[in-house]
Amino acid sequence: PPQGCFTCIAKPPALRQASPVLSPSSAVYLMETKSCKGDSLQPAVPCKHSVEKKTMTNPTTVIEIYPDTTEVNDYYLWSIFNFVYLNFCCLGFIALAYSLKVRDKKLLNDLNGAVEDAKTARLFNITSSALATFCIILIFIFLRYPLTDY
């Protein structure tokens, strides 16, 4: 039977290439068929498909590494809390807007923009929380000690 891969064997005999006649010095590359004693030596013609397979024996694995956008904190819950409860001079609303921008930029894999907007959202959250807390403390102080006592 002919040697080679299924693609080469499956070709009709008319499309197969004729075996070249080799000189005696290239007897190393010859292969003896065991069908009968009178057959001559046939050259072992390497299949072009098996040659392609040999070059692909060491496949290369490519791993694409994207920046981890989950490390960027968007301060979303803090912004919602500031917007609903401590919205001092609309700073909670501005913090919420920047938090939403951080989420959008994380989806777009814009890590630098997401980090910058996260810093801005944190700044507005801190400012809103601090000013609203200060105002609440002042209100409790004035409720406890009204101005008429002074």
Say whether [X] and [Y] are linked into one hydrophobic cluster, either directly or through other cluster members, by side-chain heavy-atom distances under 4.5 angstrom.
X: L143; Y: I137; value: no
X: L138; Y: Y85; value: no
X: V115; Y: V102; value: yes

Sequence-distant partners of [X], ring pair (Phe, Tyr, Trp, His ring centres under 6.0 Å), two or more places apart:
X: Y76; result: none
X: F134; result: none
X: F83; result: F93

For the atom pair [atom1] ([X]) and [atom2] ([Y]), what is the distance rounded to the nearest 0.5 Å?
X: K101; Y: K106; atom1: NZ; atom2: NZ; answer: 15.5 Å
X: F88; Y: I136; atom1: CZ; atom2: CD1; answer: 10.5 Å
X: I94; Y: C89; atom1: CD1; atom2: SG; answer: 9.5 Å

Listed pairs under 3.5 Å, donor-acceptor, residues 123-133 side chains, sequence neighbours left out:
| residue | atom | partner | partner atom | Å |
| --- | --- | --- | --- | --- |
| N125 | OD1 | S79 | OG | 3.4 |
| N125 | OD1 | N82 | ND2 | 2.9 |
| N125 | ND2 | S79 | OG | 3.0 |
| N125 | ND2 | A121 | O | 3.1 |
| T127 | OG1 | L123 | O | 2.8 |
| S128 | OG | L86 | O | 2.8 |
| S129 | OG | W78 | NE1 | 3.1 |
| S129 | OG | N82 | OD1 | 3.0 |
| S129 | OG | N82 | ND2 | 3.2 |
| S129 | OG | N125 | O | 2.9 |
| T133 | OG1 | S129 | O | 2.6 |

Item to complete: Write out all pairs satisfying salt bridge (Lys or Arg N to Asp or Glu O under 4.0 Å) with one or both partners inside residues 85-100, taking only residues at least two apart or from two chains.
Response: none
Practice prompt. Could you note down all residue pairs passing salt bridge (Lys or Arg N to Asp or Glu O under 4.0 Å) where residues 72-92 supplies at least one of them, sequence neighbours left out?
Written response: D74-R103
Discussion item. According to side-chain hydrogen bond (donor to acceptor under 3.5 Å, both in side chains), who are the partners of N87, at least two apart in sequence or on a separate chain?
Written reply: none
Discussion item. Suppose the criterion is side chain to side chain donor-acceptor pair (under 3.5 Å): which pairs have a residue in residues 114-123, not counting sequence neighbours?
Written reply: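 Passing the test, one end in residues 114-123: K105-D117.
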